[in-house]
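What follows is one structure encoded as structure tokens, with my remarks underneath.
Keep in mind that what you see is a predicted model, and the values were worked out from it rather than measured. So you know, we letter chains A, B, ... as the sequences are listed, proteins then strands, and number each from 1.
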Amino acid sequence: MGKHIVILGGGTAGTMTANRLRRTYDRHECRITVVDQDDDHLYQPGLLFVPFGLAQPHHLVRSRPRQLDAAVDYKQARIERVDLDARVVHLAGGIRLTYDVLVVATGATLLPEETEGLTGPGWGEKVFTFYDLPGAVYLHHALERFDGGRVVIDVADLPVKCPVAPLEFAFLADWYFQRCGIRDKVHLTYVTPLDGAFTKPVAAKALGGLLKDKGVELVTEFTLGEVDGVGGRLVSYDEREVPFDLAVVVPLHGGAEYVGRSEGLGDELGFVPVDPHSLQHPDRPEVFAIGDAAGLSASKAGSVAHFEGEVLVHNIGRFLDGKPLDASFDGHANCFVETGFHKALLIDFNYATEPLPGHFPTAVGLPLLKESHANHLGKLAFEWLYWHSLLPGRGLPGIGSAMPEHGKHHVSD
Amino acid sequence: MPTATYAGTAVPVDDEGFFTDPGRWTEPMAEQLAREQGIGELTDRHWTVIRFLRAQYAAQGTGPTVRVLGKTSGVSVKELYQLFPKGPAKTAAKIAGIPKPRGCI
Ligand SMILES: Cc1cc2nc3c(=O)[nH]c(=O)nc-3n(C[C@H](O)[C@H](O)[C@H](O)COP(=O)(O)OP(=O)(O)OC[C@H]3O[C@@H](n4cnc5c(N)ncnc54)[C@H](O)[C@@H]3O)c2cc1C
């Protein structure tokens, strides 16, 4: 009898993993089941554009099972708990699924209620997030009404999905208010728990420079302790304050809630602590995690899930054959950073190499760490590639899992 | 690599003053390390955090972030900031003689 591979989560990572596995094995070798709680597959990178009226919410959502190969089983139900000893997943309604291999791809969950005051008075009126679809739509309406004042973009604490998205929001806000003709009436502030605009020094310098050029004030090492929606203040744990008329907050992230109820599966924040190279659980060889659900020091981004996918599918095959896992993920991430005015810059990095200037993927490719119109077109093309190339589990033309060294200039800062 | 002298012993530290070899740290060094961070006296609560950090480092190979500390050490994030005002994860790691926490991206 064939093996049963159960994939928890039918988002970016779960969908592409299922499709890749399906193409690797035929139906007699293994059965593949994907579980998700709803039928709304959201193109999350599109959330950035909704507040500025640059994307229509209904264009960003498609059916989940329709992104899956017809020979993959789709089960729509809420995951309640995983029993690792019994190798059983408990779903809502008393359904049980047994597995030979489990892939955790349930992503990251927003936890706005964990920050004092964030979802209190003012939430949805002066305090917003664009990290989910309803939030992005409310913010769009609020921006349409906004006629001037202090706009603050704040990252509560790390880790967050797509750590460049809040910076992109700041860049686009500068563009948006200029286009509305009220930029001189808007004070823009970017507030981060990091000690610079970004984690890695060379990119932090470049992105910090862009904030400055665009007249966006940068407040660093600010870990959000409390939001006072009525008084219009963000307060850090070390009691510094940033005043606002409109706050855009990226809330705390954690793993999916059921992870905490599944003994031995996750870490303190509900992420699944897998080996950074093999993506295998340290105590349960039959359990793997991919995408935002994984407790890794790689960025939480769709591109990362894509690069992980190749490694994961290979390693699952090795595991099923009883062979040692030999594929190794290098932490490769690749993000287009929208900077406004139809330009974007591109960053490419991994566990060991920070984002560097140069060209991608080779010396004649797209410029790295530098604004260009070509990169903006790349960012727009990403949406088409997402539905037609990433989710079906095909490769990107000319780009493999491992980070390309060629074309990068090493700099000392 | 730079060194610093605590409790009469020279120990290797990184450019920012974090211990690079936690095995060289001894409890008597903590008071002087704390004073350098502007903390006058170490209370039992400080020690709870310091010992927790060392145990975490031994188990995980890196110090936890403030958020994880707040969830696991029995000391809330608010209190952590009262005890170690200039950023608990880094300040406490320095006093506990463990390398700079890697954090996340
Ligand atoms: C504003 C924004 C902008 C972004 N921009 C980019 C970008 O430009 N480039 C890029 O590469 N990435 C970007 N990302 C990040 C990218 O969208 C994510 O990293 C990616 O979607 C992660 O895929 P995933 O499969 O791990 O998680 P998800 O796609 O979030 O999927 C997780 C799935 O698990 C399901 N689930 C969770 N809990 C349960 C449960 N208990 N029961 C059943 N199902 C459950 C959810 O319904 C969901 O479908 C952005 C993200 C945001 C928020």
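- Contact annotation for B:Lys71: only side-chain heavy atoms (C-beta onward) come within less than 4.5 Å of a heavy atom of chain A.
- Using a 4.5 Å cut-off between heavy atoms, A:Glu239 does not touch chain B at all.
- Aromatic pair B:His46/B:Phe84: centroids less than 6.0 angstrom apart.
- Among the candidates A:Thr223, A:Leu252, A:Asp157, the residue making the largest number of heavy-atom pairs closer than 4.5 Å to chain B is A:Leu252.
- Aromatic ring centroids of A:Phe329 and A:Phe307 lie 6.0 Å or more apart.
- Using cut-offs of 30° and 60° on the angle between ring planes, the pair A:Tyr131 and A:His253 is perpendicular.
- Listed by chain and number, the residues in a salt bridge (Lys or Arg N to Asp or Glu O under 4.0 Å) with A:Arg81 amount to none (sequence neighbours excluded).
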